[in-house]
Amino acid sequence: QVQLVESGGGSVQAGGSLRLSCAVTGVIFDSNCMTWFRQAPGKEREGVADIRTGGGATYYADSVKGRFTISQEKDKKTVYLQMSSLKPEDTGIYYCATYFCGGGIRTAPREDRINYWGQGTQVTVSS
């Protein structure tokens with residue numbers, strides 16, 4: 001059984017930064033991917049960043065590319081999402097998730113492939 005616990009959300013003004021953390025308990029294999037989804041009010045959940053546990057290959061949605069960075073500390077079993085130059089449209093609930101992704105080029109994560117979800121953390125960006 002895997003549990004994911006997010007932290008680090010909060011309120012920030014546009015242009016500011018936040019770092020989200022996802023603490024993992026249980027076993028995660030190198031063939032797994034860790035991913036961050038977000039759900040804005042009234043919108044569908046979208047995958048914004050993804051990292052393969054083994055090797056560290058990453059994916060970013062176009063909407064966050066150049067502003068967000070996903071990283072991991074495997075010894076601490078923690079995944080981070082560093083968010084900079086935040087915009088009001090980045091507002092939403094951010095969810096950490098994991099799934100078996102295998103190898104290959106990282107592509108947009110899909111909800112139907114997710115094995116485990118965290119409970120989510122709220123990020124609010126004001127203009």
Looking at side-chain heavy atoms only, is the closest gap between [X] and [Y] below 4.5 Å?
X: E46; Y: S63; result: yes
X: E44; Y: E111; result: no
X: C96; Y: W36; result: yes
X: T58; Y: R106; result: no
X: M83; Y: D90; result: no
X: T35; Y: I114; result: yes
X: V2; Y: I28; result: yes
X: K76; Y: S21; result: no

Should [X] and [Y] be counted in the same cluster of Ile, Leu, Val, Met, Phe, Trp and Tyr side chains packed under 4.5 Å apart?
X: V24; Y: Y80; answer: no
X: W117; Y: I93; answer: yes
X: V64; Y: Y95; answer: no
X: I70; Y: Y99; answer: no
X: L20; Y: L4; answer: yes

Should the heavy atoms of other residues, nucleotides or ligands under 6.0 Å from [atom1] of [X] be counted, would the total exceed 12?
X: Q122; atom1: CD; value: yes
X: Q39; atom1: CD; value: yes
X: E73; atom1: CD; value: yes

Heavy-atom pair of closest approach, residues S17 and Q82: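 So the minimum-distance heavy-atom pair works out to CB-NE2, 4.0 Å.
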Which atom of S127 lies closest to which atom of A14, heavy atoms considered: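 Nearest pair, atom of S127 first, then A14: CA-CB, 4.3 Å.
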Residues T98 and N32: side-chain donor-acceptor under 3.5 angstrom: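 Yes.
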Any donor-acceptor N/O pair, Q119 side chain to V5 backbone, under 3.5 Å: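 Such a contact is absent between Q119 side chain and V5 backbone.
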Side-chain donor or acceptor of T91 paired with backbone N/O of V125 under 3.5 Å: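 It does hold such a pair.
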Pair K65 + D62: basic N to acidic O under 4.0 Å: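 Salt bridge flag = yes for D62 with K65.
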Distance, nearest 0.5 Å, that separates NZ of K77 from CE of M34: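 Here the rounded value is 10.0 Å.
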T53 vs K74, side-chain contact (heavy atoms from CB on, under 4.5 Å): CA-CA, chis, key distance, verdict: CA-CA 8 Å; T53 302; K74 295 178 72 174; 3.8 Å; yes
